[in-house]
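The chains referred to below are lettered A, B, ... by the order of the sequence lines, with proteins before strands, and numbering in each begins at 1. Values below: every heavy atom of this structure, side chains too, minus hydrogens, waters and symmetry copies.
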Amino acid sequence: MIAAVSHLGTVLAAGDFTSPRVDYHALAPEIVLAAGICAVLLIDLFVGEGRRWITSTVAGFVLLGAVIPVFTLGVIGSDIRSMFDGRYVVDQFSLVLKALFLLVGYVVVLLSTNEIEEGGYYQGEYYVLLLSSVLGMVMMSSARDLVSIFVALEFLSIPAYMLAAWRKRDAKSNEAGVKYYLLGVFASAIMLYGMSLLYGITGTTKLTELGAKITATGHFRGAEALAVVFVLVGFAFKVSAVPFHTWAPDTYEGAPTPITAFLSVASKAAGFVALVTLIYVAFPQAKDVYQPFVWVISVASMTVGNLLALRQTNIVRMLAYSGISQAGFILMPLAVAGTGDSAESSLRAVVVYLIIYAAMNLGAFAVVIAVSRKTRSGEITSFGGLFSYAPGLGVLMTIFMASLAGIPPLGGWFAKFGAFKAVLEAGNGWGYSIAIIGAVNAVIATAYYITVMREIWMKPVPDGDITPIRTPGAVQAALVITAAATIVFGVLPGLVSRYGNLTDLTGAFGR
Amino acid sequence: MEFIRDQNWLLSLGTFLPLAGVLFMLFIPKKNELLQKQIALGTALATLGVGIYTLTQFDYGKSAKLQFFASTEWIPVIKSGYTIGLDGISLPMYVLSMIITVLVMIYSWQHIPSPGNPKAFFILMLVLQVGMAGTFVAQDLILFFVFFEIVLLPMYFMIGVWGGENRQYASLKFFLYTMFGSALMLVAFLALFYKTGAQSFSIPYLIEHGGSIAKNTAIWIFAGMFVGFAVKVPMFPFHTWLPDAHTQAPTAGSVLLAAILLKLGTYGFIRIAIPILPQAALKWAPAIGILAVIGIIYGALGCLAQTDMKRLIAFSSVAHMGFVMLGISTLTATGINAALFGMVAHGLITGMLFFVAGSVKERYHTLEIKRLSGMLLQMPKMGWILGFCAMASLGLPGLAGFWGEFPAILATYSPAPGLSVELFRTLMVIAAIGTVLAAGYLLWLFQRTAFGNVSPEFAGNGNGHAHSVGAAANDEHHGTDDIHDVNIFEWLAWTPLLVAIVVFGIYPQLMFKVFDPAVTEMVKVFGK
């Protein structure tokens, strides 16, 4: 919508104002969310303290309501709906990701309901901020202009900074929020610097024009390379790639666990969406710059993330480092995204990975939330003997851990398989080398996922406390959704693998 | 390649039927143990019924062709299909996996090892059955890979939860070794896919087009598959997980591991690696042969050094799988027929030996060979069954074990054209020495455990009525209560195996005639 304003500015400068065409159907998900944010805010004002839980229910319905237009848009046709001079585009690529963000938001609401209510936190504000952050993500998947990308990024990040510090009487949560905020702002600054350089060099902020103009001279200028790298660094922070990952473990540990789940899945996915859009639409000519850059941060992320995850004793920190390592795997295909044949399979690999990763990682966090309601502990050892007194949760956690480790027939295997297939398809040294490093890391990763399984199945119950775990209905629903998705995507990967066709995204390129 | 597509639902039914049982069991409370077991066994029996129906419907005249063939889209983006079929090579293993699952369930009826929980134990066995059967029917590399891996987690938990004292170490070792092997195998599969023009993962397609891969590339790809399958077999030097896993696994796990899981590796060689990349196989054959013979001798020497009965049987598996791999490495019809026969025979015999070991452990609470003696006096039937299995295992003519070993050695005399005759004849001689060692360690085991007088430690009268004076003071002594001869569940579980060992020993043609057409078709490319 900011894009509209900037567009308006140029039109006004030209002197003849015509109202930009607005495709209300295409914008319906955003409109529903915006209306929902207002509604939750108002409800929070007028209901009494005892009935604040209504905000949670409404937030859930708003998110599901916003999925409906996404669905109708997807069914109606594959034509690309381009608005505001091609700066805000609704195509199949963005629809898939919008649906992902909305559903992840819904699962996070399910996870939050009891946690936030029982914790005595501000409920109304919490859901307002959560919905705002999701709105930012939904915008991100359509943004095709540097300015709208930046606005979407801040829109999704600023509520997240606050949410991370939501447990405000807890020093760790404050640390989480401040750390996340300071490093996030720092990364934004670097990215803005890169964007202004890009604008200075090419004279445009529209991605498709950027893509045509960058390196139009035939050879790279230093400033161009610098600009591309700076912009990528900003998003490397968002996806917690090494060496821009240092915020992640502390923030994840300190934030309320539903927010940790949200950050590790949705916020990370949003960063990847921006990276993918930039790489495929704005920087296709700059592959000599971004490919080696992505190669290095991908290898660093999977290796460092793995080695640190091996040493963790806290389940949330372990999942934080595992998330860093998984980010390395998601980045892996982008390291060959500009190499001939593999462009297509790289894009698909990233999209498929994001979808499957969302299901299995949210599931893992859902189990952590359910178990910690009883044990009040974040240690991996608190899962000891889980199978003996809560077999359902034990089996579910086993499923999520095995899926994260990439063991068939659970979703994770297909995600990893797609990434490997993409880099091997490139058929060059960069591709082969990263495939080998990735394969070694995949085996290392199983070691720490299996540690959790071992606790669940083979270790004694700590303190012998085998009172059963009472899982609230909302968390149960979240568990069912994520487990079903994890299993179905693994057994029938064809369902998910159709998304992420290259033409879906770069179809907008020709306009 | 032609396929016979009649009754193409049959294999899917046989493979996935156990999941129906799992689904039922999930909704039945854990406390209702009897019902859990009944459903599990019922499902396994129904699955076996489907398997037997498959046996009757199989067209033995066309056993070289894939029958009950079905193929539909599965993951179109990566051109992988749900392609399944069964030919003479896979049929015996497919049905054997179902039989063993049923027998193991019968055996486990009263023998759920600590910490109990039959619900989980039986569910894991049913899941395991899906993975095993699926591996033998998959005709698509990705599908094969998925089934191959499904086996991993149930076995990991079976060893890790219900295993012996050192179970966690053993299960982790098993898991990481196999993971490592499968990672390389998957990379090799992908390489096959791209080097044949990125058209299909279907095994029949790749067999047709595998020849287009440049020879040096093919050798590397074969190397990747070699490691993946060799870990599973296990071949020397990838075998070190096996003694630990076998020793620590509960009896049911050991039997399944020995009877079926190890065969997934050798089956992979015969089904995938050799037919798709025959030229590379020819290059690798001497190395495989040498490693196989090292495995035979090393396994035998390892056996002679063991003090634990179960560990001894585990090492004997290394030796026996060495014979199977030696047969494969000759790349002749005789050799591969022998290997396939050896796979089934080893499944029956070593499965039986692990059953006996499990029962002995349950009665004496130890498997330390020097503490056991006089089993024939105390439990004559059990003792004689052990003797019978030892005879079968050492390759006594007239019992099934013989037909795995002898033709393998015979085939080594004249390997496929292009292989060094001198080398293989040397291997033959060494392998023959291996059979002598096998007789040595098995008879020595039998002699030490079954002959002689009952050791004073266990010298209660065997029915648990008479306690020696110091019994209460000595923990080990309570064991005499448990010492009784073969019980009804054991008879039910063992009789089919014992009968099969004799039947296939006397009339091996029963099985050879199933393999042979398929094998002959396969080795045509080697000119023999």
B/Ile142, part contacting chain A, at a heavy-atom distance under 4.5 Å: side chain
Heavy-atom proximity to chain B below 4.5 Å, by part of A/Leu492: both
Contact origin within A/Ala435 toward chain B - heavy atom pairs under 4.5 Å: neither
Heavy-atom closest contact (B/Leu176 atom, A/Val443 atom, distance): CD2-O, 4.4 Å
Flag if over 12 foreign heavy atoms under 6.0 Å of CZ, B/Phe16: yes
Contacting region of B/Ser171 [heavy-atom separation from chain A under 4.5 Å]: side chain
Max heavy-atom pair count under 4.5 Å with chain B, selected residue of A/Ala439, A/Pro409, A/Gly490: A/Pro409
Top contributor to chain A interface from B/Phe193, B/Phe175, B/Phe180 [non-hydrogen pairs under 4.5 Å]: B/Phe175
Reported CE-to-OH distance for the pair A/Met453 and B/Tyr156, which is rounded to 0.5 angstrom: 7.0 Å
Shortest non-hydrogen contact between B/Ile75 and A/Pro493, atoms and distance: CD1-CG, 3.4 Å
Heavy-atom pair count under 4.5 Å with chain A, highest-scoring of B/Met179, B/Lys119, B/Arg167, B/Glu73: B/Met179
Check: B/Phe157 and A/Thr398 side chains under 4.5 Å, non-hydrogen atoms: yes
B/Leu186 side chain near A/Phe420 side chain, heavy-atom distance below 4.5 Å: no
Minimum side-chain heavy-atom gap A/Trp413-B/Glu149 below 4.5 Å: no
Heavy-atom neighbours of B/Lys215 NZ exceed 12 at 6.0 Å: no
Proximal component of B/Phe147, with respect to chain A [non-hydrogen, under 4.5 Å]: neither
Which atoms of B/Leu172 approach chain A - backbone, side chain, both or neither, heavy atom under 4.5 Å: side chain
Rounded distance (nearest 0.5 Å) linking atom OG1 of A/Thr446 with atom CG of B/Leu152: 9.5 Å
Student check: side-chain heavy atoms of B/Leu190 and A/Glu425 closer than 4.5 Å: no
Heavy atoms from other residues, nucleotides or ligands near NZ of B/Lys173 exceed 12 (cutoff 6.0 Å): yes
Contact origin within A/Val440 toward chain B - heavy atom pairs under 4.5 Å: neither
Region of B/Ile78 that comes under 4.5 Å of a non-hydrogen atom in chain A: both
